[in-house]
Structures are given as C-alpha cells and as structure tokens.
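Each remark here refers to the structure printed beneath this line.
Residues take their numbers from the sequence shown, with the count starting at 1. Quick caveat: nothing in here was measured; it's all calculated off a predicted structure. For the numbers below, each heavy atom of this structure counts, side chains included, while hydrogens, waters and symmetry mates do not.
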Amino acid sequence: MLPRILVAEDDVINQKLIGLLFQRTGIVPVIVGDGLQAFEAACSQPFDMIFMDMMMPEMDGMTAAKQILSSTTAWPPPVIVAMTAGLDNQQQHRFQEAGIKDTLMKPFTAQSLKDMLEKWGHLLS
C-alpha cells in the first residue's frame, strides 16, 4: 500500500516540481499552499508523512507541525519532514522540539526524496 502523503509548499512552481518528483515514486501526494491548509488537511484525514515547507504564509511550517501533532489524535501521528533551503544547529533543535522528525534540503532530487521515503518506510502503513 502506498503511503498517504501531504505536501505543504507555498510556491506554485515548487508544488509542480515536488508533484513530479513524487510521481517518479508512484505516489500522488495531496498538495496544499500554506501551513493553515496543511493543518486543516491533517485534521480531516490521516497522513503517513507530511513534507512541510518551513517558510509559508498564513501559518509557518513549525507552527503547523506543532498544531498537527497536538491535534490529530484520532489516528497515529504522521512523520513530519521539514523542507528547507538552509539549516543550522539551532533550527534543527527547534524542529526536533516541534516534533519534526527529519529534514529534506531544498532543492532535492527524486533520489533524495526516495531515500527519505525509504528511511521512514518502516513507520508507514
């Protein structure tokens, strides 16, 4: 069974590119444009993984991750992966405190996406 994936990304071009990269893995993700939409989607249906841009309008990725993990108790919590162009130790620590399990550096390739899916595959339904 393919994992249920949510992608939160505000840039339309990045949304299309990410969608194409996922297609190469055989997965069709649900794609939303900001953290608030991600929160609403994650509260309405279960996802195995959420790929979350950290810099978005309405609600940033960190806030959305915290709210998703504290609000979605009807099903197992998703693995949340931060998508970001830059990362330092302080940010990594804040991500971990928010419950974000991993980081995928932008720009990423189909192979790095596949590697991330395989890394967390043991937790996916």
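One distance of note links CE of Met83 with CG of Leu104; it measures 7.5 Å at 0.5 Å rounding. Rounded to the nearest 0.5 Å, atoms CE (Met54) and CD (Glu9) are 10.5 Å apart. Expressed to the nearest 0.5 Å, how far CE of Met52 lies from OG1 of Thr84 amounts to 13.0 Å. Taking NZ of Lys101 as the reference point, atom CD of Gln96 lies at 9.5 Å (rounded to 0.5 Å).
Taking all atoms of both residues into account, the shortest heavy-atom contact from Ile18 to Val7 is CG2-CG1, 3.9 Å. Closest non-hydrogen pair, Ser44 versus Trp75, comes out as C-CH2, 3.9 Å. The shortest non-hydrogen separation linking Ala98 to Leu69 is O-CD1, 3.4 Å. The two residues Gly86 and Gln91 make their nearest non-hydrogen contact at O-OE1, 3.5 Å.
Hydrophobic clustering, defined by side-chain heavy atoms of Ile, Leu, Val, Met, Phe, Trp and Tyr closer than 4.5 Å, leaves Leu20 isolated from every other such residue. The other residues sharing a hydrophobic cluster with Ile13 are Leu17, where clustering joins ILVMFWY side chains under 4.5 Å apart.
Contact annotation: the side chain of Leu87 approaches that of Phe95 to within less than 4.5 Å [non-hydrogen atoms, C-beta and beyond]. Put simply, the side chain of Arg24 does not reach to within 4.5 Å of the side chain of Leu113, judged on heavy atoms. Residues Asp102 and Lys119 have side chains in contact (heavy-atom distance under 4.5 Å, counting atoms from C-beta outward). Taking 4.5 Å as the limit, every side-chain heavy atom of Leu6 sits out of range of all side-chain heavy atoms of Pro78.
Applying the 6.0 Å contact sphere to CD of Gln111 captures more than 12 heavy atoms from other residues, nucleotides or ligands. Under a cut-off of 6.0 angstrom, the local environment of CG in Asp88 is crowded, with over 12 non-hydrogen atoms contributed by other residues, nucleotides or ligands. By the 6.0 Å contact criterion, CZ on Arg94 is enclosed, its count of non-hydrogen atoms from other residues, nucleotides or ligands being greater than 12.
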Check: residues 30-39 side-chain donor-acceptor pairs under 3.5 Å, at least two apart:
unit_1 : atom_1 : unit_2 : atom_2 : d
Asp34  : OD1    : Leu36  : N      : 3.0
Asp34  : OD1    : Gln37  : N      : 2.8
Gln37  : OE1    : Gly33  : N      : 2.7

List the atom pairs, with distances to 0.1 Å, where a side-chain N or O of residues 55-66 and a protein N or O form a donor-acceptor pair under 3.5 Å, not counting sequence neighbours.
unit_1 : atom_1 : unit_2 : atom_2 : d
Asp60  : OD1    : Met62  : N      : 3.0
Asp60  : OD1    : Thr63  : N      : 2.7
Asp60  : OD1    : Thr63  : OG1    : 3.1
Asp60  : OD2    : Thr63  : OG1    : 3.4

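Checked options Asp48, Ile27, Leu117; the residue passing with Leu2 is Ile27 (criterion: side chain to side chain contact (heavy atoms under 4.5 Å, CB included)).
Among residues two or more places apart in sequence or in another chain, the ring pair (Phe, Tyr, Trp, His ring centres under 6.0 Å) test is passed with Phe51 by Phe22. Partners of Thr25 according to the side-chain hydrogen bond (donor to acceptor under 3.5 Å, both in side chains) rule, which considers only residues two or more places apart in sequence or in another chain, do not exist here.
In terms of modelled atom types and a separation under 3.5 Å, the side chain of Ser70 and the main chain of Gln67 share a donor-acceptor contact.
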